[in-house]
Amino acid sequence: MGAYILRRLLLIIPTLLGIMLINFALVQFVPGGPVEQAIARIQGGGDVFEGFSGGGSDAGNAADTGGNENYVGARGLPPEFIAELEKEFGFDKPPVERFVNMLWNYMRFDFGEATFGRSA
């Protein structure tokens with residue numbers, strides 16, 4: 001009976017690692033991650049998912065420029081700013097390094113800062 005309980009307890013480790021790997025892959029590689037959310041918030045779009053969730057207007061914001069390509073808002077965000085956002089959220093590192101850092105932080109009970117649900 002003790003051997004059975006020990007085996008079951010030892011199976012918790014690979015099960016947790018598998019769940020964490022799947023969760024990591026979903027959060028890191030599915031569109032609408034933290035960088036896209038921050039960009040949408042800065043550009044005034046509010047939510048990345050508005051386009052296919054039924055929120056927002058169907059006309060879009062590009063029609064408001066009057067066809068003027070010199071309009072600053074029509075150019076989007078500068079690439080340097082997007083690179084800074086990616087660095088802030090850790091997306092400038094390879095996925096394996098991000099996963100190892102996540103595991104290390106979890107072992108120290110450091111779950112990071114909340115990126116959603118905060119009022120600015």
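In this chain, residues are counted from 1 in sequence order. Keep in mind that the numbers below use all heavy atoms, side chains included, and drop hydrogens, waters and symmetry copies.
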Colleague: About how many Å separate CG of Leu6 and CG of Leu11, when rounded to the nearest 0.5 Å?
Modeller: 9.5 Å
Colleague: Who pairs with Phe111 by ring pair (Phe, Tyr, Trp, His ring centres under 6.0 Å), at least two apart in sequence or on another chain?
Modeller: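 Ring pair (Phe, Tyr, Trp, His ring centres under 6.0 Å) list for Phe111, sorted by chain: Tyr106.
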Colleague: Crowded around Glu84 CD? As in, over 12 foreign heavy atoms under 6.0 Å?
Modeller: no
Colleague: What's the separation between atom CE in Met102 and atom CE in Met107, rounded to the nearest 0.5 Å?
Modeller: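 CE of Met107 is found 11.0 Å from CE of Met102.
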Colleague: Kindly compute the distance separating CG (Leu26) from CG (Leu21), expressed to the nearest 0.5 Å.
Modeller: 9.5 Å
Colleague: Does Arg108 CZ have over 12 foreign heavy atoms under 6.0 Å away?
Modeller: yes
Colleague: If you apply the rule side-chain contact (heavy atoms from CB on, under 4.5 Å), what do you find for Arg98 with Phe24, and how did you get there?
Modeller: CA-CA 9 Å; Arg98 292 193 313 249; Phe24 174 81; 3.8 Å; yes
Colleague: What about Phe109 and Phe99, same hydrophobic cluster or not, with Ile/Leu/Val/Met/Phe/Trp/Tyr joined at side-chain heavy-atom distances under 4.5 Å?
Modeller: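 In one cluster with Phe109: Phe99, yes.
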Colleague: Nearest 0.5 angstrom please: Asn23 CG to Leu16 CG, how far?
Modeller: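 If I round to the nearest 0.5 Å, the distance is 11.5 Å.
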Colleague: Nearest 0.5 Å please: distance from the CD1 atom of Ile5 over to the CG atom of Leu10.
Modeller: 12.0 Å
